[in-house]
Amino acid sequence: MTVAAEHVKACCASVYGSATARYLLGERLHPGGAELTSRLIGALEAHGGETLADIACGPGASALQLARETGCEVIGIDLSPQNVADASRWAAEAGLADRVSFTCGDAESLPLADASIDGALCECALCTFPEKAAAAAELARVLRPGARLALSDVTVAGELPPELTTLAAWVACIADARSLAQIGALLEDAGLSVTRTETHEGALIDLLERVEVRVRAARVLAPRRSVPRASNGALSC
């Protein structure tokens with residue numbers, strides 16, 4: 001099944017900006033939670049006074065964590081206006097609005113100047129970008145020489161069956177997920193150098209188990225509502 005790129009983007013922005021997604025996935029919308037985010041932040045080797053970007057930042061939890069742990073200024077970019085509005089509000093409530101800002105933007109055409117960022121964070125979002133090479137090129141464009149990118153993503157081993165290439169599978173981070181080697185090659189083709197890779201399979205398993213529990217709870221509390229069932233595929237993050 002071929003899914004139009006703009007349709008994929010619109011659906012992902014709508015889904016990941018929804019209350020349902022936050023109920024099922026949590027405020028961070030990605031496996032590993034704050035612990036994996038902290039590990040990625042450490043890999044950035046950022047210093048106070050620098051400017052960092054959180055690409056596809058969702059409702060802003062990781063961007064706020066990034067600011068707290070590094071003392072840096074942070075720009076969060078997300079395609080969902082709802083996420084940007086919520087993230088901006090939470091930054092103000094956390095007393096971080098002077099160092100953390102959020103704006104709507106497409107990862108495949110970032111609203112940032114060339115070589116303007118000292119480091120970038122991108123968590124489990126590359127798999128949802130229809131034009132991954134364009135997104136990788138944009139990351140390379142906005143990073144200053146010597147700057148680091150810390151990226152996590154859902155990865156797959158082998159070819160996906162046709163039933164996992166639908167629009168729903170795109171939104172679920174499955175349809176266009178790549179192998180770890182393919183992601184590395186994609187980044188290097190954009191001019192970035194991959195210095196370290198890790199696998200965190202348990203993080204995805206934990207997230208899927210949590211989603212399953214919340215789906216069951218939703219069915220008990222609202223039995224007349226239709227809630228999609230989560231299943232565990234051959235994925236690692």
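On a predicted model such as this, the values are computed, not experimentally measured, just so you know.
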S.K.: Only counting residues at least two apart or in another chain, list the ones meeting side-chain hydrogen bond (donor to acceptor under 3.5 Å, both in side chains) with Arg141.
M.R.: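 Partners of Arg141 by the side-chain hydrogen bond (donor to acceptor under 3.5 Å, both in side chains) criterion, ordered by chain and then number, come out as Asp114, Glu138.
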
S.K.: What distance separates Leu52 CG from Ile41 CD1, expressed to the nearest 0.5 Å?
M.R.: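 Reported value, rounded in 0.5 Å steps: 9.0 Å.
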
S.K.: Would you compute the distance between atom OG of Ser116 and atom CG of Leu143 and round it to the nearest 0.5 angstrom?
M.R.: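 Ser116 atom OG to Leu143 atom CG measures 8.5 Å (nearest 0.5 Å).
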
S.K.: Any chain of hydrophobic side-chain contacts (each under 4.5 Å) joining Leu180 to Leu192?
M.R.: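 Per the 4.5 Å side-chain linkage, Leu180 and Leu192 are not co-clustered.
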
S.K.: Using 0.5 Å steps for rounding, measure from the SG atom of Cys57 to the CG atom of Leu121.
M.R.: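 Cys57 SG to Leu121 CG: 10.0 Å, rounded to 0.5 Å.
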
S.K.: So, Glu108 and Lys132, do they make that salt bridge, N to O below 4.0 Å?
M.R.: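 Not counted as a salt bridge, because no side-chain N and carboxylate O are separated by less than 4.0 Å.
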
S.K.: Within this structure, what is the CD1-CD1 distance for the pair Ile77 and Ile55, rounded to the nearest 0.5 Å?
M.R.: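 So the CD1 of Ile77 and the CD1 of Ile55 are separated by 4.0 Å.
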
S.K.: Treating Ile, Leu, Val, Met, Phe, Trp and Tyr as nodes and any side-chain heavy-atom pair under 4.5 angstrom as an edge, say whether Leu186 and Leu151 lie in one connected cluster.
M.R.: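 Shared cluster, yes.
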
S.K.: My understanding is that only residues two or more places apart in sequence, or in another chain, count here; which of them pass side chain to side chain contact (heavy atoms under 4.5 Å, CB included) with Arg148?
M.R.: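 Scan of Arg148 (side chain to side chain contact (heavy atoms under 4.5 Å, CB included), adjacent residues dropped) gives Leu44, Glu45, Thr195.
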
S.K.: Any pair with a residue in residues 49-59 that passes side chain to side chain donor-acceptor pair (under 3.5 Å), sequence neighbours left out, goes on the list, sorted by first then second residue, please.
M.R.: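 As it turns out, there is no side chain to side chain donor-acceptor pair (under 3.5 Å) pair with a partner in residues 49-59 once direct neighbours are skipped.
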
S.K.: In residues 94-103, what donor-acceptor pairs under 3.5 Å come from side-chain atoms, sequence neighbours left out?
M.R.:
residue: Arg99; atom: NH1; partner: Ala67; partner atom: O; Å: 3.1
residue: Arg99; atom: NH1; partner: Cys72; partner atom: O; Å: 2.9

S.K.: Of all residues at least two apart in sequence or in a different chain, which pass the salt bridge (Lys or Arg N to Asp or Glu O under 4.0 Å) check with Glu188?
M.R.: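 With neighbours one apart ignored, the set is empty.
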
S.K.: Does a sphere of radius 6.0 Å around CZ in Arg39 hold more than 12 heavy atoms from other residues, nucleotides or ligands, not counting ones at 6.0 Å or beyond?
M.R.: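 Not more than 12 within 6.0 Å, no.
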
S.K.: In chain order, what residues pass the side chain to side chain contact (heavy atoms under 4.5 Å, CB included) check against Ser109, with sequence neighbours excluded?
M.R.: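 Ser109: no side chain to side chain contact (heavy atoms under 4.5 Å, CB included) contacts found.
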
S.K.: At what distance, to the nearest 0.5 angstrom, does CD of Glu73 lie from CG of Leu66?
M.R.: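 Between atom CD of Glu73 and atom CG of Leu66 there are 12.0 Å.
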
S.K.: How long is the gap from CG on Leu40 to OG on Ser62, to the nearest 0.5 Å?
M.R.: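 The OG atom of Ser62 is 8.5 Å from CG of Leu40, to the nearest 0.5 Å.
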
